[in-house]
Amino acid sequence: MSIISAKAALSGAVPAGSEVTVQGWVRTRRDSKAGCSFIALHDGSCFDPIQVVAPATLPNYESDVRRATTGASVIARGVLAPSQGKGQALEIQATEVVLVGEVDDPETYPIQPKPHTLEFLREVAHLRPRTNTFGAVARVRHAAAQAVHRFFHEEGFVWVNTPIITASDAEGAGQMFRVSTLDLANLPRTESGAVDFSRDFFGRETFLTVSGQLNVEAYCLALSRVYTFGPTFRAENSNTSRHLAEFWMIEPEIAFADLAADADLAERFLKYVFRAVLNEREDDLRFFAERNEPTVVSRLEQLVETPFARIDYAEAIEILKRSGRHFEFPAEWGADLQTEHERYLTEEHVKGPVVVMNYPEAIKAFYMRLNDDGRTVAAMDVLAPGIGEIIGGSQREERLDVLDRRMAQFGIEPDHYQWYRDLRRYGSVPHAGFGLGFERLIVYLCGLSNIRDAIPYPRVPGHAEF
RNA sequence: UCCUCCAUAGCUCAAUGGUAGAGCGAUCGGCUGUUAACCGAUAGGUUCCAGGUUCGAGCCCUGGUGGAGGAGCCA
């Protein structure tokens, strides 16, 4: 008698008539005076639970089966058989039911068999994976993460684990979390009274990383095609449905490549990941389409099949000006595109995904390559209907003299970036890359409205419970 | 950080300044190869906290705390 998952039981992978064991948690139990109880048992292996039919003739029927309330853990052995009822093709005709862990107070068990608000479920983050929604999010997140690694692996990329703890100053990417073992109540001081970080664990100030990009560039200029995929931290006090203090970022970097190659990579990447999730998590996506966002499947299918348009920033500004649309912030050359601008471009003008390229140099980061016109940099944003900006990237400045000028212009201390400058001194090549926040991808895939539901344990200002 | 809205039973929400209610969930019973079943009954309340106004505050005022949406910043 083999132990099988609900997925194996329901998918036909195990032939009907087999003696099997299933184990999981009770979603609902319905008692029938016909002489049995119906237990909807979920184990997370797929969206649907497996129905266990427990006959009243079981010796522990009154003592255990009738106490298997919502949330209890159960092992059931029996025959996988065609269901006599409608609603499922197969079910377990149980010959033995073991109540492994009961719910000691059913009244206060938070996950009741009824709809809950996502806000409430955030307060019980340790139990919310037992719900339809968060089980499905977890499976989609896994499928997407696997697809990310598979895509890069198949394209010959090397996964580089850039450091979590970094001594690099924020290059304008945001506030950083300090990492220190100093005694906060008794800080060592220098003669001038400043905190003496030379006595800290690393002998200097250190922080949690805000990006692995600069580190991964070094590996790019050796291994040619590399990427990072790991946790990233921002200490910004931003309380929105789109920001987390701890999130996962994906940052590929390619050598001997320009911005056009970067945009091509971004397009292939998104299509690969979306196609994989469409193929692998059809059950979960169907649920999200019913529950969250009706277009969640159709918009993914459309994005996979539509070639991404490419327009210049300057062209985008002209399109916005000619649109006749009133924007809260008028589109002007030199200003960054607002959310309302991005949505107009992708949802109404292009009516599909679009890559906007070559932004004014003053509004972009110091490491982005200065174009020959001297006023724009080789930066790109990928915009998609229903979400707006999903990827940001650039060709990097590979010329040391230009990089030094840009660092000076942005007021960046060159001493902290000697190793980064070295990459331009020893065998520099044109290279490019992009970054995207993994949770924003999950929000889009699942049709969620708050990024706090796209990560198991969200960290935001004021909250690090669980 | 700024703006707006919100906070009442385990959950979702009602309640003109005058006796705090319903649905769902839970418990018990009934019924049924059931489908987040159905029918009946029962239990369940510091109305977020601290002040204030009033004969009387869930409701009005002040200050907190917490939540949501939007903005800015960004991924």
Side-chain angles (χ1 to χ4, degrees), chain A residues 26-40 42 48-56 66-67 69-71 81-88 91 93 103 105-124 127 131-133 170 172-175 209-213 228 231-251 291 328-329 336-340 342 363-365 381-382 387-393 434-444 449-452 454-455 460-463 465:
Chain A
V26 176
R27 185 59 63 65
T28 62
R29 192 197 75 236
R30 296 175 295 277
D31 300 326
S32 169
K33 276 296 179 290
C36 59
S37 290
F38 301 96
I39 298 171
H42 73 96
D48 289 319
I50 178 77
Q51 175 161 283
V52 173
V53 184
R66 298 261 292 165
R67 280 163 64 199
T69 56
T70 299
S83 177
Q84 297 170 32
K86 300 175 176 30
Q88 61 282 316
E91 65 190 16
Q93 294 284 352
V103 171
D105 184 2
E107 172 144 26
T108 58
Y109 179 61
I111 311 301
Q112 300 162 356
K114 56 165 292 189
H116 287 105
T117 60
L118 296 171
E119 291 81 9
F120 169 70
L121 291 172
R122 274 172 220 147
E123 297 170 7
V124 287
L127 296 172
T131 63
N132 281 332
T133 294
Q175 292 292 311
T209 183
V210 293
S211 165
Q213 180 202 314
T228 71
T232 309
F233 308 87
R234 303 275 168 93
E236 297 285 352
N237 185 18
S238 55
N239 233 314
T240 80
S241 57
R242 302 178 306 284
H243 291 84
L244 293 165
E246 175 181 305
F247 63 100
W248 285 58
M249 193 146 67
I250 298 159
E251 297 170 293
R291 174 73 182 262
E328 189 182 345
F329 297 91
D336 210 350
L337 297 179
Q338 300 288 319
T339 301
E340 56 180 344
E342 294 178 341
I363 61 172
K364 291 292 183 180
D381 283 344
V382 180
I387 184 172
E389 180 184 336
I390 188 167
I391 281 180
F434 62 79
L436 80 157
F438 187 52
E439 284 73 20
R440 290 190 177 174
L441 197 68
I442 301 304
V443 163
Y444 188 62
S449 52
N450 194 315
I451 201 166
R452 297 172 190 199
I455 189 167
V460 296
H463 292 283
E465 301 91 351

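Every chain is numbered from 1 and lettered A, B, ... according to where its sequence line falls, protein lines coming before strand lines.
Nearest heavy-atom pair across A:E91 and A:Q84 is OE2-N, 3.8 Å. The nearest pair of heavy atoms linking A:S32 to A:F38 is CB-CE1, 3.9 Å. Among all heavy-atom pairs drawn from A:F329 and A:E340, the shortest one is N-OE2, 2.8 Å. Closest approach of A:R291 to A:H116, counting heavy atoms only: NH2-O, 3.5 Å. Across all their heavy atoms, A:D31 and A:R66 have their closest contact at OD2-NH1, 2.8 Å. The minimum heavy-atom distance between A:T70 and A:I111, with the atom names listed, is CG2-O, 3.5 Å.
Counting to the nearest Å, the P atom of B:U65 and the CG atom of A:N239 are 14 Å from each other. The CG-C1' distance, from A:D105 to B:U27, rounds to 11 Å in whole Å. As a whole-Å value, the separation of A:K114 NZ from B:A37 C1' is 17 Å. A:L127 has its CG atom 14 Å from the C1' atom of B:C11, to the nearest Å. For the pair A:Y109 OH and B:G10 C1', the computed distance is 13 Å after rounding to whole Å. Going from atom CZ of A:R122 over to atom C1' of B:C11 covers 16 Å, rounded to whole Å. In this structure, A:N237 atom CG and B:C74 atom P are separated by 15 Å, rounded to whole Å. Atom CD1 in A:I390 sits about 15 Å away from atom C1' in B:C74, given to the nearest Å.
Within the structure, a side-chain polar atom (N or O) of A:S241 is placed less than 4.0 Å from OP1 or OP2 of B:G70. One finds no side-chain N or O of A:R27 lying less than 4.0 angstrom from the OP1 or OP2 phosphate oxygen of B:A36. For A:R452 and B:G67, the shortest distance from a side-chain N or O to OP1 or OP2 is not below 4.0 Å.
Nucleic acid contact for A:E389: none, since no nucleic acid atom lies under 4.0 Å from a heavy atom of the residue. In this structure, A:Q338 reaches the sugar-phosphate backbone alone: every heavy-atom distance under 4.0 Å involves primed, P, OP1 or OP2 atoms, never a base. Residue contacts shown for A:R242 include a base, since a base heavy atom lies under 4.0 Å away. Within the 4.0 angstrom heavy-atom criterion, base atoms lie near A:L244. A:S83 comes within 4.0 angstrom of a nucleotide base, judged by non-hydrogen atoms across all strands. A:F38 comes within 4.0 angstrom of a base, heavy atoms only. Within the nucleic acid shown, A:Q51 comes within 4.0 Å of at least one base atom, counting heavy atoms only. Using a 4.0 Å heavy-atom cutoff across all strands shown, A:R29 reaches no nucleic acid atom at all. Among the protein residues, A:Q84 comes within range of the nucleic acid bases, having at least one heavy atom under 4.0 Å from a base atom. Contacts of A:N450 with the nucleic acid, taken as non-hydrogen atoms under 4.0 Å apart, involve only primed sugar atoms and P, OP1 or OP2. If you check every strand for non-hydrogen atoms under 4.0 Å, A:T117 touches sugar and phosphate atoms only. The residue A:E251 sits apart from the nucleic acid: no heavy atom pair falls under 4.0 Å. Across all strands shown, A:F329 has heavy atoms under 4.0 Å from sugar-phosphate atoms exclusively, and none from any base.
Put simply, the side chain of A:L441 reaches to within 4.5 Å of the side chain of A:L436, judged on heavy atoms. In this structure the side chain of A:Q88 never reaches within 4.5 angstrom of the side chain of A:D48, judged on heavy atoms.
If you check B:A37, B:A68, B:G72 against the side chain of A:H243, the one that comes closest is B:G72. Closest to the side chain of A:H463, out of B:G33, B:G67, B:A68, is B:G67. Residue A:T69 places its side chain closer to B:U27 than to any other of B:A36, B:U27, B:A71. Taking every side-chain heavy atom of A:R66 into account, B:G29 is the closest of B:C11, B:G33, B:G29. The A:K86 side chain lies nearest to B:U35 when the options are B:U1, B:A26, B:U35. Nearest nucleotide to the A:K33 side chain, out of B:C31, B:G69, B:G33: B:C31. When the nucleotides B:C11, B:A68, B:G72 are ranked by their closest atom to the side chain of A:S238, B:G72 comes out on top.
With a cut-off of 3.5 Å on both Watson-Crick or G-U wobble distances, the partner of B:G29 is given as B:C39. In a base pair of the Watson-Crick type (N1 to N3 plus N6-O4 or O6-N4) or a G-U wobble (N1-O2 and O6-N3), with each distance short of 3.5 Å, B:C11 is matched with B:G23. Under the Watson-Crick or G-U wobble criterion, with both distances below 3.5 Å, B:G66 is paired with B:C6. Pairing for B:U46 is absent, judged as Watson-Crick or G-U wobble with the two contacts each under 3.5 Å. The nucleotide B:C59 finds no pairing partner, because no Watson-Crick or G-U wobble arrangement with both distances shorter than 3.5 Å includes it.
Taking atom C1' on both B:A20 and B:C74, the two are 46 Å apart, rounded to the nearest angstrom. B:A26 and B:C60 have their C1' atoms separated by 37 Å, given to the nearest Å. Only the P atoms considered, B:A14 is 37 Å distant from B:G30, to the nearest whole Å. Rounded to a whole angstrom, the distance from the P atom of B:G72 to that of B:G25 is 43 Å. Here the separation of B:A41 from B:C48, taken at their P atoms, is 30 Å to the nearest Å. For the C1' atoms, the distance linking B:A22 with B:U34 amounts to 28 Å, nearest Å. Nucleotides B:U19 and B:G56 place their P atoms 15 Å apart, quoted to the nearest Å. With P as the reference atom, B:U47 and B:A9 are 10 Å apart, rounded to whole Å.
A:S241 places no side-chain N or O within 3.5 Å of a backbone atom of A:I451 that could act as its donor or acceptor partner.
Residue order along RNA chain B, read from the 5' end via each residue's closest nucleotide, puts A:F120 first among A:E246 and A:F120. Positionally, the nearest nucleotide of RNA chain B for A:S449 lies more toward the 5' end than for the other of A:S449 and A:I391.
A donor-acceptor contact under 3.5 Å is not formed by the side chain of A:E119 with the base of B:G66. Looking at A:E91, its side chain comes within 3.5 Å of the base of B:G33 through a donor and an acceptor atom.
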* To do: Take A:L244 and A:I455, measure what side chain to side chain contact (heavy atoms under 4.5 Å, CB included) needs, and give me the verdict at the end.
  => CA-CA 9 Å; A:L244 293 165; A:I455 189 167; 3.8 Å; yes

